[in-house]
Amino acid sequence: MSYYFHEVPGRLRFKTPLLKGNHSLGRKIEEYLSAVSGIESVRTSTVTGSIVVHYDLKTISSREITDIVTGQGYFDKKKAVTSDQYLNHSFEKVGQAVGKAVFGAMIEKALEGSALSLIAALL
């Protein structure tokens with residue numbers, strides 16, 4: 001999941017692969033968004049590829065900020081997942097891993113018993 005966004009009133013977080021390792025783009029995004037009326041602060045991380053925006057709810061909406069970030073080409077809304085979708089996907093992965101581990105343990109235990117039964121029958 002390369003594009004991700006999370007929203008709470010007054011704060012937005014965008015994750016974009018375009019920002020990872022791109023320090024000049026990080027500075028450009030911070031400068032551009034900081035000049036927008038209603039945006040109080042902008043912080044970018046080129047390590048995680050994230051943009052965190054704090055804004056005044058009375059002056060600008062999260063939708064307007066998302067449209068600005070998308071319009072500038074920093075973020076792709078069409079490819080983005082929400083925090084709920086991201087969590088669901090993560091829980092799916094964990095569930096699959098746990099399921100495989102439990103199934104593997106059950107098979108191992110079943111074969112272990114069979115091998116002992118086979119040895120006992122041979123003796």
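Note that the structure is a prediction, hence the values are computed from the model and not measured.
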Item checked: His6 and Leu12, any side-chain heavy atoms less than 4.5 Å apart -> no
Check: Going only through I, L, V, M, F, W and Y residues with side-chain contacts under 4.5 Å, is there a path from Tyr4 to Val52?
Finding: no
Check: Without hydrogens or angle criteria, can the side chains of Ser34 and Glu31 be said to hold a donor-acceptor pair below 3.5 Å?
Finding: no
Item checked: Over all atoms of both residues, closest heavy-atom pair of Ser2 and Pro17 -> O-CD, 3.3 Å
Check: Rounded to the nearest 0.5 Å, how far apart are NZ of Lys79 and OG1 of Thr16?
Finding: 9.5 Å
Check: For Lys28, does the NZ atom have more than 12 heavy-atom neighbours from other residues, nucleotides or ligands under 6.0 Å away?
Finding: no
Notebook entry, point to check: Does Val47 belong to the same Ile/Leu/Val/Met/Phe/Trp/Tyr cluster as Leu19, with side-chain heavy atoms less than 4.5 Å apart forming each link?
Noted result: no
Check: Do Leu18 and Phe75 come within less than 4.5 Å of each other through their side chains, counting heavy atoms only?
Finding: no
Checklist line | By side-chain hydrogen bond (donor to acceptor under 3.5 Å, both in side chains) - contacts of Ser37 (at least two apart) | finding: none
Margin query: How long is the straight-line distance from NE2 of His54 back to CZ of Arg13, given to the nearest 0.5 Å?
Written below: 8.5 Å
Item checked: side-chain contact (heavy atoms from CB on, under 4.5 Å) between Ile60 and Asp56, worked out -> CA-CA 6 Å; Ile60 192 167; Asp56 179 6; 5.7 Å; no
Check: In Å and rounded to the nearest 0.5 Å, what is the OG to CD1 distance from Ser24 to Ile29?
Finding: 9.5 Å
Next item on the list: For Tyr55, enumerate each residue passing the ring pair (Phe, Tyr, Trp, His ring centres under 6.0 Å) test, keeping only those at least two apart in sequence or located in another chain.
Entry: none
Next item on the list: Output the distance between atom OG1 (Thr44) and atom NE2 (His23), rounded to the nearest 0.5 Å.
Entry: 9.5 Å
Next item on the list: Identify whether Val53 and Val8 are in the same connected component of the hydrophobic contact network (ILVMFWY, side-chain heavy atoms under 4.5 Å).
Entry: no
Check: Rounded to the nearest 0.5 Å, how far apart are CD1 of Ile51 and CD of Glu30?
Finding: 9.0 Å
Checklist line | Any side-chain heavy-atom pair of Leu25 and Tyr74 under 4.5 Å | finding: yes
Item checked: Chi angles and distances behind the side-chain contact (heavy atoms from CB on, under 4.5 Å) call for Ile65, Phe14 -> CA-CA 11 Å; Ile65 296 168; Phe14 301 94; 4.3 Å; yes
Checklist line | Taking every non-hydrogen atom, the tightest pair across Leu57 and Gly10 | finding: CD2-N, 3.5 Å
Notebook entry, point to check: Quick one: does Thr70's side chain get under 4.5 Å of Tyr3's, heavy atoms only?
Noted result: no
Note to self: Restricting to non-hydrogen atoms, name the atom on Lys20 and the atom on Thr48 that form the minimum distance, rounded to 0.1 Å.
What the structure shows: CE-O, 3.3 Å
Notebook entry, point to check: Would the number of heavy atoms belonging to other residues, nucleotides or ligands and lying under 6.0 Å from CZ of Arg11 be above 12?
Noted result: yes
Checklist line | From CD (Glu64) to CD1 (Ile39), nearest 0.5 Å | finding: 9.5 Å
Note to self: I'd like to check Lys15 versus Phe5 (side-chain heavy atoms, cut-off strictly below 4.5 Å). Are they in contact?
What the structure shows: no
